[in-house]
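Structure first, then comments.
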Amino acid sequence: MVDFLERAGGNPGRSGHRLSIAAGRVINDAREAVAACFGADDPLRVIFTPNVTYALNIGLQALLQPGDRVVTTGIEHNSVMRPLREMAKAGLDLVVAPCDHTGALDLDVLRQLVTPGTRLVVANHASNVMGTILPAGEIAAIAHQAGALFMLDAAQTAGVLPIDVVALGVDLFAFTGHKGLQGPPGTGGLILGERVDVDAMRPVFAGGTGSRSEREEQPEILPDKFEVGTPNGVGIAGLAAGVRYVMAHGIAAIRADELALTQQLCQGLAAIPGVRVYGPADPAARTATVSVTLAGRSVSEVGWRLDDEYEILTRVGLHCSPATHRTIGTFPEGTVRLAPGLATTPADIDATLHALRTIACG
Ligand SMILES: Cc1ncc(COP(=O)(O)O)c(C=O)c1O
């Protein structure tokens, strides 16, 4: 990011001077790094956005019309539920496939709900509340069988689980930069697969792109159709550095480390009286995002004491996902969410277990 500001820092595509060209190179390299990370064939179908929420909104609004049928799940983040609920007010036919108390989706029920003519199935890849991993490849197959497209919210899994968008059958892949990809806040993107008819999509936002400046209409070419205004070059440079770091480390190795930490955490939690852990019991069926409640303690008290007394930072409450908390029975109080990551050590997990044991028993 420092290198971008010192060496580039121009506005890509807006001019022919050296700083503009240097900025364009950094962003194109970032597009290639992101495409390679997720097995996407065409870097020009990688659209950079300020976060995954924008990516999801662009995909949904560009694609859907009133009357279209959309099927989603009972464990979605508000970045999916809110745009869909808004669009339902204008006539979208929205169907929510239920999940059980661990977040698991019944694929037979989903198959019945995704009727022929359904336009889109949209699901998150893993719950941001309790880590439940949804079977993206199987959901994609159900969508395609009915003639629908499949959109994946990979906020919780990009950089955390090995992902090949082509092999999984993901048509619209939305990711955020500041979580598993180790990028800075304010970065993210949308990757459009080959099944997506880009010409049939609306631009959503329209404005300057630096291309086709003679026209007053939005260019049809990608990524310009969906990337308007000055891009966050410094953020995108940081995102590319994060993606390269994660790829050099190896996403399979990251997953193996997180699996071991999750196992250690969940085993330790099970031995603390009064602690309830949500989500799948099998660590292989989840990410490292673990939600808990402590009997007789409010989630705010637990979160505050973890921070104040132990410098352990958690997020408590509803995690922007009231749908999930309704599904698992923790609405409206929510849970305390623990989220070990790349920098977490087994000693950190032990310290967290010690802190929770003291709070639970004290
Ligand atoms: C599953 C899921 N979707 C969407 C989001 C929204 O992410 P962002 O704030 O980067 O748009 C998050 C992050 O909190 C998430 O976990």
Side-chain angles (χ1 to χ4, degrees), residues 34 38 46-61 70 72-86 96-97 99 103-105 120-136 139 150-161 163 168 170 172-191 204-205 226 232 235-236 238-239 242-243 246 258 278-280 286-291 303 313-328 330 334-341:
V34 167
F38 299 114
V46 175
I47 293 144
F48 287 121
T49 62
N51 49 51
V52 72
T53 303
Y54 269 82
L56 292 160
N57 272 269
I58 289 172
L60 295 172
Q61 291 181 27
V70 175
T72 190
T73 83
I75 58 164
E76 296 306 312
H77 190 277
N78 268 346
S79 57
V80 166
M81 290 313 298
R82 283 182 174 170
L84 289 179
R85 294 282 181 214
E86 285 302 317
V96 180
C99 295
L105 181 64
L120 181 74
V121 177
V122 50
N124 67 26
H125 200 182
S127 160
N128 68 308
V129 173
M130 59 196 158
T132 315
I133 298 170
L134 293 185
I139 300 171
F150 176 50
M151 184 182 210
L152 188 67
D153 170 2
Q156 290 290 322
T157 54
V160 166
L161 298 181
I163 294 174
L168 279 180
V170 181
L172 298 102
F173 179 83
F175 64 94
T176 204
H178 70 280
K179 297 180 191 279
L181 293 177
Q182 313 297 322
T187 57
L190 179 68
I191 304 179
V204 184
F205 298 108
F226 299 111
N232 177 12
I236 292 169
L239 170 63
V243 167
V246 160
E258 290 197 357
Y278 298 83
R286 62 181 310 148
T287 63
T289 299
V290 177
S291 255
L313 311 183
T314 59
R315 180 167 173 195
V316 305
L318 295 175
H319 313 99
C320 296
S321 188
T324 305
H325 285 282
R326 284 199 177 91
T327 292
I328 69 174
T330 47
T335 54
V336 180
R337 187 180 68 180
L338 308 160

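In each ligand, atom 1 is the first atom listed, and ligand 1 is the first ligand listed. Numbering of residues begins at 1 and proceeds along the displayed sequence.
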#### Entry: Those residues that, when tested against Thr53, pass side-chain contact (heavy atoms from CB on, under 4.5 Å) (two or more places apart)
Asn51, Asn57, Ser79
Just list the side-chain donor-acceptor pairs under 3.5 Å for residues 153-160, sequence neighbours left out, or say none.
residue	atom	partner	partner atom	Å
Asp153	OD1	Ala155	N	3.0
Gln156	OE1	Thr289	OG1	3.4
Thr157	OG1	His125	ND1	2.9

Quiz: residues 178-187 side-chain donor-acceptor pairs under 3.5 angstrom, not counting sequence neighbours:
residue	atom	partner	partner atom	Å
His178	ND1	Thr176	OG1	3.3
Gln182	NE2	Gly180	O	3.3
Thr187	OG1	Pro184	O	2.8

### Message
Classify the ring geometry of His325 against His319: parallel below 30°, tilted from 30° to 60°, perpendicular beyond 60°.
### Response
parallel
### Task
Please list, by chain and number, the protein residues whose heavy atoms come under 4.0 Å of ligand 1.
Asn51, Val52, Thr53, His77, Ser79, Asn128, Asp153, Ala155, Gln156, Thr176, His178, Lys179
### Task
Measure from the side-chain N and O atoms of Thr72 to the backbone N and O of Ala123, and report whether any donor-acceptor pair falls under 3.5 Å.
no
### Query
Is a donor on one side and an acceptor on the other found under 3.5 Å between the side chain of Glu258 and the backbone of Gly341?
no
